[in-house]
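Read through the structure below, which is laid out as C-alpha cells, and then see the notes.
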Amino acid sequence: PIVASWIETLLAVSPAAIALHGRTLSQRYQGLADWAAIGQAAELAKGTGTLILGNGDVSSRVDALRRVSTYGVDGVLIGRAAMGDPFVFHPGHRRAPDPRLISVAAAHSQLFEATFRHERRYRFVPMRKHLNAYARRIGLSTAVRAQLLHTESSAEVAAIPQDAVDNRGEFAAAKRD
C-alpha cells in the first residue's frame, strides 16, 4: 500500500527514470531487498514513460536479467557486487580470484587521481574502499591490504601489487593471513 502512494507522487512530475532500492534506510545493509515492492512500483509505472530501475541484493548479470524478467523493471542497478569486481557485468562471469584485477585496480586509482586531483580539497582516501574491495576479491593477504589502505597516490598503489605477485605472475600472497 505504501508503494502506491509515493510512486504516484513521483510519477506526477514525469521523471525520465526512478531508481528504487528494495531496502529501507533503517535496514541499512541488513535483511533482504523487497523486490516485490519494486515490482509493484514497476507495474504502477507501466505506460507512463518513466523507466523503473531496481536495486538491492543483485549479485550478477544473470541475477539482474532474472529480476528484469520476474519483476518487470526496465533495468537493474548492481552496487556492492561490483565493488572490486568490474567483470560482474560480463556474460559468463564467475566469482573467482582474477589476476587481471591487479592492473584494473592500478588503472582505477590512476583514473581516480586524474579525475579529482585538481579539486581544491582533493584526497586519495575515498579510493581506498575500492582498493580494499579489489584486494579482497583477488585474495591478497591482510598485510598487502593494509598497505593498500594507507596509500596516498596511484604511484603508491602501483608499487604494492608487485610485492604480492611472484615471478610466474601468480599471487604470492593469495592466501589470507
Side-chain angles (χ1 to χ4, degrees), residues 3 7 10 15-25 27-43 45-46 48-117 124-141 144-145 148-149 151 154 157-158 160-162 164-165 169-171 173-174 176:
V3 171
I7 198 74
L10 292 175
I18 299 173
L20 302 172
H21 198 294
R23 206 176 290 113
T24 64
L25 181 62
Q27 281 180 285
R28 304 187 67 117
Y29 295 113
Q30 305 299 314
L32 296 175
D34 184 353
W35 274 86
I38 293 171
Q40 181 185 4
E43 183 62 33
K46 290 284 186 235
T48 64
T50 297
L51 299 174
I52 300 296
L53 308 175
N55 187 6
D57 302 327
V58 182
S59 62
S60 68
R61 183 177 191 269
V62 170
D63 190 18
L65 293 172
R66 182 182 58 79
R67 290 176 194 258
V68 167
S69 174
T70 302
Y71 297 100
V73 293
D74 298 295
V76 173
L77 305 172
I78 298 179
R80 283 185 289 164
M83 289 287 294
D85 189 7
F87 306 119
V88 72
F89 305 99
H90 190 274
H93 169 267
R94 58 184 175 76
R95 288 194 73 81
D98 189 331
R100 297 175 297 175
L101 290 176
I102 287 181
S103 60
V104 170
H108 187 175
S109 65
Q110 289 169 348
L111 287 170
F112 177 88
E113 197 169 61
T115 301
F116 297 109
R117 73 171 162 234
F124 193 72
V125 173
M127 184 63 212
R128 292 178 185 166
K129 72 178 177 183
H130 297 285
L131 294 172
N132 189 48
Y134 285 119
R136 286 184 178 280
R137 179 82 172 75
I138 294 166
L140 296 178
S141 71
V144 174
R145 286 197 320 267
L148 283 168
L149 290 175
T151 56
S154 62
V157 171
I160 292 173
Q162 295 310 309
V165 179
E170 296 174 356
F171 293 101
R176 298 195 192 286

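Quick note: residue numbers are just sequence positions, from 1. Fair warning: this is a prediction, and the values are worked out from it, not measured in the lab.
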Heavy-atom closest contact (I7 atom, A41 atom, distance): CD1-CB, 3.9 Å
CD1 on I160 to CG on L140, rounded to 0.5 Å: 10.0 Å
Pairwise distance OH(Y134) to OG(S103) - rounded to 0.5 angstrom: 10.0 Å
Set of salt bridge (charged side-chain N to carboxylate O under 4.0 Å, His left out) partners for D63, sequence neighbours left out: R66, R67
Non-hydrogen atoms of L101 and P86 that approach each other most closely: CD2-CD, 3.7 Å
Aromatic plane relationship, H108 with H130 - under 30° parallel, 30 to 60° tilted, over 60° perpendicular: tilted
Those residues that, when tested against D57, pass salt bridge (charged side-chain N to carboxylate O under 4.0 Å, His left out) (two or more places apart): R23
Under 3.5 Å donor-acceptor pairs involving side-chain atoms of residues 71-80, not counting sequence neighbours:
residue, atom, partner, partner atom, Å
D74, OD2, I52, N, 2.8

Straight-line distance of L10 CG to L20 CG, nearest 0.5 Å: 8.0 Å
Distance, nearest 0.5 Å, that separates CG of L131 from CE of M83: 9.5 Å
Partner residues of R61 under the salt bridge (charged side-chain N to carboxylate O under 4.0 Å, His left out) criterion, sequence neighbours left out: none
Contact check, side chains of T70 and W35, non-hydrogen atoms, under 4.5 Å: no
Sequence neighbours excluded - salt bridge (Lys or Arg N to Asp or Glu O under 4.0 Å) pairs with any residue from residues 81-90: D85-R95, D85-R137
Reported CG-to-NE2 distance for the pair D34 and H21, which is rounded to 0.5 angstrom: 11.5 Å
Within residues 103-116 or reaching into it, pairs that qualify as salt bridge (Lys or Arg N to Asp or Glu O under 4.0 Å) - sequence neighbours excluded: none
Min side-chain heavy-atom separation R100-F87 under 4.5 Å: yes
Nearest atoms (heavy-atom pairs only) where L148 meets A135: CD1-CB, 3.8 Å
Flag, side chain of R128 to backbone of T151, donor-acceptor distance under 3.5 Å: yes
Closest non-hydrogen atom pair, V3 against Q40: CB-OE1, 3.6 Å
